[in-house]
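Step one of this worksheet: look at the structure below.
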Amino acid sequence: MQLKQLIRIATKSLIVNRSRSFLTALGVIIGVAAVILLVSVGSGLKDYITGQMQDMGSNLIMVVPGDIDIEQTGASGGAASGAFSSIAASKLELRDAEEIERSLPQIKDTAAVVMAPGLASYKSETVSGQIIGTTQNYINIRSSEFETGSFFTQSEVNSGRKVTILGHTVAHELFGNQNPVGEKIKVGDYRYLVMGVMKEQGGQGSLTSDDKIFVPITTAQRQFGLDNISIIFTQVSSSDEVASAVPLIEAVMLKRHDEEDFTVIDQKEILSTVSSILDTLTIALGGIAAISLLVGGIGIMNIMLVSVTERTREIGLRKALGATPEVILTQFLIEAVFLSVGGGIIGILLGSGGALLLNNFIPMTVTAWSIILAFVVSAGVGIIFGIAPARRASLLSPIAALRYE
Amino acid sequence: MTKTKNILRLETVSKIYRMDGVSVKALDNVSLAIMEGEFVSIIGPSGSGKSTLMHIVGCLDTPTSGKVLLDDQEISQMTERQLAQVRNKKIGFVFQQFNLLPRTSALDNVSLPLLYNGTTSSQIAKKAAEVLGKVGLGERLDHHPNQLSGGQQQRVAIARALITDPSIIIADEPTGNLDSKSGVEVMEIFKKLHQQGRTVILVTHDDNIANKAQRIIRLKDGKVIN
Ligand SMILES: Nc1ncnc2c1ncn2[C@@H]1O[C@H](COP(=O)(O)OP(=O)(O)OP(=O)(O)O)[C@@H](O)[C@H]1O
Ligand SMILES: [Mg+2]
């Protein structure tokens, strides 16, 4: 008895009962599609956030106020809000940034940042945004591109000129299609000359430049009383230097500060913390969806058991005509595996198709491992949940089955 | 063909069904011999054990005691697996209720036994069409059972029994579910099979049908009475 022949028998009997076959597979279809969709949401989120963080610039080391444990920050929101409250009490100074750059030759650039929410207005339009006071090097460190104009220079920082660079959203809400460069907008109580507009970056929060209003740090400290430095960005030339630079920066900072009222973090560390959180999230989402796959498998077993009873006469007949118990067992196992694998394939198509479609609205990444996993699990489900009905079928006695009404 | 060889021999075969403490002796010390090429009918009242006898002769069941020799092979001690192979090779079974697979074409129904003996697909299709032609259904290969009359369905079932070229055709009341005209047609086929040299064992209630055979074995209460 060749396997090929058995596969043909199983396929025929699935096709003959096509609507029952489809309904049986439906549980697996839904389960697999759910696994793929939810895993896509998780990994899409991860790709999105890590992408955004990489957009910040590469080989970054940041000095932030307060003594924060980065691992803990990752693990709980409470520690993160602690980090924010420490900005208000920040003991970081502009001089710290200058000292780091002066005493460590491997540091390419540094930029200190102060920030506060604020309003910008032009003629009758007013928008709210985030005022960022920083130095000219900021633009070297954060890889942002310009739509028009350019960033301010050292001389503008040194003299505390009232100039500003606008994020994409701010510029477009104030000016519409008009070119803002050369115009004056009002930020706080004073007028600022617009020098440039950033390209649209997308995303939200502190990572995007879209809602930012950049001014020289000296101006910001004078006009808005922003003395507390929120963060100092420093950049080394290659990723190999990051690890060795971190303790050196710490040493420079400790010399200037009596106690450890700051934290030096490198970008990679944040990235790995964030990705490990999102990996956990992805696995949790996938796990929840996998339960529905399990339910789908139980559905297959249930319907296959009913179908064995329903097909008692057929089984008896096949045995009467020469099918051995092993052949019947194999036939029913193949049917179960085909149902679950077929359902798995349809579910993979639906899940990945759906993910690609939803990608227009939320970030979704279809991962190869979720597809492979879904496929393997659905095949396994078919075998495991197919065994009980297949065994029952193979043990039927031909006469009892033929007499069955 | 020598007509002296016994194709089937039963020696003191008994079959006892036990259920819920009650035991029914369906066959009681039956001994008989059937020669190769013989046309035998088995007749007896309802409950006399005809079907039980056919199931044992057809290797669908094993006796409680006694010996069954098919082609000089002792079958009562065989495993399920071996019995399945004997059924496939040597026995062609025709049932009263046709037992065709629903929603399955005549061709595929007739093909069934060949699926279990390693015949290649192209040969299966060829042979199935050939035997359907022999029972006069050469034009009905793609018809499903519900598109065929009772007589035609039974002819499909006969074609299925013939496809493996078995040594014995066993028919348990093959005309029981047919009107008299279809019954006559089906009996003509059995007569022809016998003339071609096959061994035919036929169970019936009906004396007219039984009389078409060379020999009649009468059963009563599980015993042979002639
Ligand atoms: N699986 C079984 N379990 C218990 N008793 C059975 C079983 N099969 C048959 N019998 C009993 O064995 C006896 C013989 O039954 P069998 O079916 O062989 O009769 P039969 O001669 O074929 O009758 P009919 O002409 O009605 O088909 C009956 O009394 C029946 O009730
Ligand atoms: Mg009977």
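Just so you know, these numbers use all the heavy atoms, side chains as well, and skip hydrogens, waters and symmetry mates. Reminder, nothing fancy here: chain letters follow the sequence lines and each chain counts from 1. No experiment lies behind these values; they were computed from the predicted model shown.
Put simply, the side chain of A:Q331 does not reach to within 4.5 Å of the side chain of B:L115, judged on heavy atoms. Looking only at side-chain heavy atoms (C-beta outward), B:R103 and A:R18 stay at 4.5 Å or farther from each other. Between B:P102 and A:E314 the shortest side-chain heavy-atom distance does not fall below 4.5 Å.
Heavy-atom distances place the backbone of B:T119, and not its side chain, under 4.5 Å from chain A. Proximity to chain A (any heavy atom under 4.5 Å) is restricted, for B:I124, to the side chain, taken from C-beta onward. Using a 4.5 Å cut-off between heavy atoms, A:R311 does not touch chain B at all. Interface remark: A:K12 contributes side-chain atoms only to the contact with chain B (heavy atom separation under 4.5 Å).
Of all non-hydrogen atoms in A:A323 and B:A84, the two that sit nearest each other are O-CB, 3.8 Å. Contact between A:I399 and B:L60 at its shortest, heavy atoms only, is CG1-O, 3.5 Å. Looking at every heavy atom in both residues, B:N99 comes nearest to A:L402 through ND2-CD2, 3.4 Å.
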B:E80 and A:S397: CA distance, side-chain angles, deciding distance, side chain to side chain contact (heavy atoms under 4.5 Å, CB included) verdict = CA-CA 9 Å; B:E80 249 218 77; A:S397 110; 5.9 Å; no
Candidate pair B:Y116 and A:I9, rule side chain to side chain contact (heavy atoms under 4.5 Å, CB included), full reasoning | CA-CA 10 Å; B:Y116 301 112; A:I9 296 173; 3.9 Å; yes
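One N or O on the side chain of B:N88 and one on the backbone of A:L321 form a donor-acceptor pair closer than 3.5 Å. For A:E326 (side chain) and B:R81 (main-chain N/O), no donor-acceptor pair under 3.5 Å exists by modelled atom type.
The most heavy-atom pairs under 4.5 Å with chain A, out of B:D108, B:T164, B:T79, come from B:D108.
Atom CZ of A:R391 has 12 or fewer neighbouring heavy atoms from other residues, nucleotides or ligands inside a 6.0 Å radius.
Between A:R318 atom CZ and B:L101 atom CG the span is 5.5 Å, to the nearest 0.5 Å. Atoms OG and CZ, from B:S51 and A:R403 in turn, are 6.0 Å apart once rounded to the nearest 0.5 Å.
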